[in-house]
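Lettering follows sequence order; numbering is per chain, from 1.
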Protein chains: 2
Amino acid sequence: MKKKLKEHIEKLIPLSDDEFTFVLSHFTFEKYKKNDFLIQEGENVNYCYYVLSGLLKLVFNDKNGKQHIVSFAMEDWWESDFSAYFLQTKSKMSLQCIEDTSVYSISHKNYQKLSTELPKMELFFLKKSYSGHIASQNRILSFLTSNAKERYDQLLKQHPVLFQRVPKSLLASYLGVSRETLSRFSL
Amino acid sequence: MKKKLKEHIEKLIPLSDDEFTFVLSHFTFEKYKKNDFLIQEGENVNYCYYVLSGLLKLVFNDKNGKQHIVSFAMEDWWESDFSAYFLQTKSKMSLQCIEDTSVYSISHKNYQKLSTELPKMELFFLKKSYSGHIASQNRILSFLTSNAKERYDQLLKQHPVLFQRVPKSLLASYLGVSRETLSRFSL
DNA sequence: TTATAATTGTGATGTTTGTCACGCGCGAAC
DNA sequence: GTTCGCGCGTGACAAACATCACAATTATAA
């Protein structure tokens with residue numbers, strides 16, 4: 001479990017055992033049940049989460065009460081409402097369990113503390129942030145270049161496991177297409 | 001001109017005059033003409049740009065030869081093909097002038113050097129990266145929650161100046177809508 | 001088990017948006 | 001000044017997609 005996070009960080013940054021122990025002391029292990037909320041819309045966002053196991057959805061609820069999936073978060077992914085987390089504002093989104101999920105969480109204070117005390121971790125977070133930005137840009141590109149069926153095929157190719165673990169209605173919401181239209185694609 | 005960059009950085013990070021002089025020594029001032037390319041698709045991306053004046057478009061060309069506007073970059077914006085810049089791969093996009101444009105450019109080597117020598121600049125880049133990620137996520141949300149007309153209205157509200165400086169066909173491409181459909185919105 | 005809710009597929013229909021075709025006005029280049 | 005290309009609007013039609021309605025199947029909980 002600890003090993004998982006260490007290996008994850010070491011994909012980007014080399015880390016001695018002592019350093020990792022120090023890093024880990026800034027995190028808290030937590031378990032959540034299906035449908036539990038890690039972040040509730042409208043509240044302060046004090047934590048960022050590294051997913052050890054399970055599956056989360058980052059959701060925006062629009063003024064008509066319709067939910068939109070901004071992102072899924074599986075094993076080895078980092079998730080939070082980053083806007084609210086970094087700018088220390090109220091959340092406009094919620095983060096909820098699709099499955100029972102265990103995470104390492106880090107508070108904003110500990111995040112700042114860790115970045116200062118161990119600068120190479122700041123570099124780690126920077127690299128993670130790049131990746132996130134690049135991933136978002138690719139998702140924007142898929143909206144610009146592809147129609148619903150093509151986006152469906154891309155997602156199926158990139159993350160086939162989601163089609164087994166997530167209700168189709170949520171996949172539809174993630175792809176920006178109606179549940180019915182998505183259902184007709186799988187023929 | 002130098003003052004502009006200093007003020008821009010100081011919105012996020014305090015900087016002494018000496019420090020700023022040091023920072024600036026890592027940048028190069030450059031001028032480009034309308035239609036010039038700062039980044040050509042398929043080439044290495046060695047520079048990241050801070051726009052002093054003018055206007056750029058970040059473009060992805062799909063397999064059908066259709067151009068898609070990933071982003072505009074105006075005064076005070078940072079732009080590059082970040083994926084290619086940070087991962088040091090070939091560019092999948094091009095960066096081109098919509099107007100005559102002057103920039104400060106920083107090479108990837110100088111960027112790494114600067115980050116190491118002056119850690120607070122690493123924090124600056126980190127904060128910039130957050131903002132970029134958050135902005136991209138908001139753009140994704142606009143695709144998920146809004147139809148073409150609504151996205152048009154949002155852009156008009158957020159960046160009215162673009163409607164004066166950019167051909168409508170490019171705005172259409174940015175919004176993911178056909179030129180004709182966008183034209184019918186402005187009635 | 002039984003009842004209850006959630007998930008999924010599918011037909012019918014309407015709306016949104018794209019594509020093709022054309023004309024007009026304006027500015028750049030010669 | 002004339003020519004040429006570009007930006008922009010607009011009509012007609014086709015394609016993509018949403019919405020509504022309903023049935024069937026599968027999970028979940030009492």
#### Entry: Rounded (10°) bend between the five-pair end axes of the helix from C/dT1-D/dA30 to C/dC30-D/dG1
50°
### Task
Give the first and the last nucleotide of DNA chain D, reading 5' to 3', that has any atom under 4.0 Å from a heavy atom of chain A.
D/dC17 to D/dT28
### Query
Would you call the rings of A/Tyr104 and A/Phe27 parallel, tilted or perpendicular, where under 30° means parallel and over 60° means perpendicular?
perpendicular
### Distance below 4.0 Å between B/Thr181 side-chain N/O and C/dG18 OP1 or OP2
yes
### Message
Looking only at the aromatic ring of each residue, does the gap between the centers of B/Phe163 and B/His159 stay below 6.0 angstrom?
### Response
no
Could you run down the sub-3.5 Å N/O contacts of the protein with nucleotides 20-25 of chain C?
residue, atom, partner, partner atom, Å
C/dC20, N4, B/Glu180, OE2, 3.2

### Task
Test the A/Arg139-A/Tyr174 pair against the cation-pi criterion, namely NZ or CZ under 6.0 angstrom from the six-membered ring centroid and within 45° of the ring axis.
yes
### Query
Would you say the side-chain atoms of B/Ser105 and B/Glu30 include a donor-acceptor pair closer than 3.5 Å?
yes
### Task
Would you tell me whether B/Ser136 and A/Ser136 have side-chain atoms, one donor and one acceptor, within less than 3.5 Å of each other?
no
### Message
Check this for me, if you would: do B/Glu122 and B/Lys128 make a salt bridge, where the nitrogen-to-carboxylate-oxygen distance has to be below 4.0 angstrom?
### Response
no
### Query
What closest approach, in Å, do B/Asn110 and B/His26 show between heavy atoms, and which atom pair accounts for it?
ND2-O, 3.0 Å
### Message
Between A/His8 and A/Trp78, do the side chains contain a donor N or O and an acceptor N or O under 3.5 Å apart?
### Response
yes
### Message
Could you tell me if B/Asn46 and B/Tyr85 have a donor-acceptor pair between their side chains, going purely by distance under 3.5 Å?
### Response
no
### Message
Under a 3.5 Å cutoff, is there a donor and acceptor pairing between the side chains of A/Ser71 and A/Glu79?
### Response
yes
### Message
In this structure, how many angstroms lie between the P atom of C/dT8 and the CG atom of A/Leu182, rounded?
### Response
9 Å
